[in-house]
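Contents: one structure, followed by commentary.
Counting starts at 1 for both ligands and their atoms, in listed order.
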Amino acid sequence: MNNFLDIKKVSKNSLRKILDDARGRKNKRTNFSTLDPDRDKPLSGKLLVQMYEKTSLRTRISFYLAIRQLGGSTITLRPDEIHLNKNGESISDTAMILSNYADIFMLRTNNENKISEFAKHIKIPIINGLSPLSHPTQILSDIFTIEEIKKKKISSLNISWVGDSNNVLNSLIEASLKFSFVLKIGCPKKYNPPKKIVSWAKKNKGKIFIYNSAKKAVINADVILTDKVISLNDKVNVKKKKSFFKNFKIDNKLIKFAKKNVLILHCLPRGDEISNEIFNGRNSGVWQQASNRIHVQKSILLYCLNKLR
Ligand code: CP
Ligand code: NVA
């Protein structure tokens, strides 16, 4: 069995295998309805438990569809419905119960340590469905979308990120090393990516460049990704933080510096870091990006249970 906790913890070979499997499965499903299982039903009889300590629309539904299409089932837990946190049941006991009842566990949490604590005690694979420092299922799916739309390997494309330095960007930085692509980051100086991840990337010969200018970051870009300035775990003065980002908005003026057919992605939910015109415009791939979560998560589930083709 394999965990899927951070992009940097999964081998290059496995990441590529997940993407190949997702493409194959997606192509085979053209005539299927949403809930119809894939013909091979590789996870028949398997149960995925999902636990959300933070809100979610896409991750929740796409994991539901993913496991159902693989022939299995899922149950979703909210923290206020179980004893963990509330009545003092420990992570280790919770993990043992999950290990006895289920086949795979997905956790979205506010607390980075909780991911590692569960991973220490649980006997089934665990997937990070978003933590303060990481959003690996999102980024692997975004790489799938980029290669699908651009019809090229991501290593031959100029990738840019404009916006906050957050969990999604951390996973993108890790992916830039695993998939060997150039990543230009545009953010206010105060919101540069954490030193720890930048020095890890540099030490491992990552091709990442940080600019405190949105324009410099997107020159000649094939793809621009962004995310909300205020994340779910952000305990900040919203007005003050947003004021730092006023020159980091994805709009018509900014994308003129990128390639004409630049692809714009946003993992959603969105704030005002992207104009409506761009979000709904011809360069946007946001809806395809959201749907692809289903396909890539199917292959992540298979990877976790050693069932990748
Ligand atoms: N992009 C993403 O993870 O969306 P949700 O928070 O709705 O799951
Ligand atoms: N960075 C965002 C991603 C939401 C999917 C957050 O953590 O809230």
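- A cation-pi contact, defined as under 6.0 Å to the ring centre and within 45° of the axis, is absent between Lys184 and Trp161.
- Between His135 and ligand 2, no pair of N/O atoms sits closer than 3.5 Å.
- Annotation: cation-pi geometry satisfied between Arg270 and Phe279 (NZ/CZ under 6.0 angstrom from ring centroid, within 45° of ring axis).
- By the 4.0 Å heavy-atom criterion, Lys54 is excluded from the residues contacting ligand 1.
- Between Ser231 and ligand 2, a contact under 3.5 Å exists for at least one N or O pair.
- Geometrically, ligand 1 and Arg58 share a nitrogen or oxygen pair separated by less than 3.5 Å.
- Remark: the Ser131 side chain and the Asn128 side chain contain an N/O donor-acceptor pair separated by less than 3.5 Å.
- In summary, the atoms of ligand 1 found under 4.0 Å from a heavy atom of Arg293, numbered by their order in the structure, are 1 (N), 2 (C), 3 (O).
- Here Arg108 has side-chain heavy atoms under 4.0 Å from ligand 1, and that is the only part of it that gets that close.
- Listed by number with element, the atoms of ligand 2 under 4.0 Å from a non-hydrogen atom of Asn166 are 1 (N).
- For the pair Pro269 and ligand 1, the shortest N or O to N or O distance does not fall below 3.5 Å.
- Ligand 2 has a nitrogen or oxygen under 3.5 angstrom from a nitrogen or oxygen of Asp227.
- At least one heavy atom of Leu268 lies less than 4.0 angstrom from ligand 2.
- At the shortest separation from atom 8 (O) of ligand 2 among protein heavy atoms lies Leu232 N, 2.7 Å.
- Close approach of ligand 1 to Leu57 is summarised as follows: ligand atoms under 4.0 Å from at least one heavy atom of the residue are 5 (P), 7 (O), 8 (O).
- Side-chain contact, Arg293 with Gln138: a donor N or O sits under 3.5 Å from an acceptor N or O.
- For the pair Arg78 and Tyr52, the NZ or CZ position fails the cation-pi test of under 6.0 Å to the six-membered ring centre and within 45 degrees of the ring normal.
- The closest approach between Leu268 and ligand 1 falls below 4.0 Å for a heavy atom of the residue.
- Taking a cut-off of under 4.0 Å to the non-hydrogen atoms of Asn167, the atoms of ligand 2 that pass are 1 (N), 2 (C), 6 (C), 7 (O).
- Atoms of ligand 2 lying under 4.0 Å from at least one heavy atom of Leu130, given by number and element, are 3 (C), 4 (C), 5 (C), 7 (O).
- Defined by atom type and a distance below 3.5 Å, a donor-acceptor pair is missing between the side-chain atoms of Asn170 and Glu174.
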Verdict with reasoning, Lys249 to Asp251, per salt bridge (Lys or Arg N to Asp or Glu O under 4.0 Å): CA-CA 6 Å; Lys249 185 166 175 150; Asp251 56 15; over 6 Å; no

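- Screening Leu305, Asp21, Leu308, Thr137 against Ile300 for a side chain to side chain contact (heavy atoms under 4.5 Å, CB included) leaves a single residue, Thr137.
- No option in Lys298, Met106, Arg58 other than Met106 meets the side chain to side chain contact (heavy atoms under 4.5 Å, CB included) test with Phe63.
- Side-chain contact annotation: Arg68 with Tyr64, donor-acceptor N/O pair under 3.5 Å present.
- Ring centroid separation for the pair Phe245 and Tyr191 comes in under the 6.0 Å cut-off.
- Any N or O atom pair closer than 3.5 Å counts here, and Leu130 shares no such pair with ligand 1.
- Taking every heavy atom of Cys267 and a limit of under 4.0 angstrom, the matching atoms of ligand 1 come to 1 (N).
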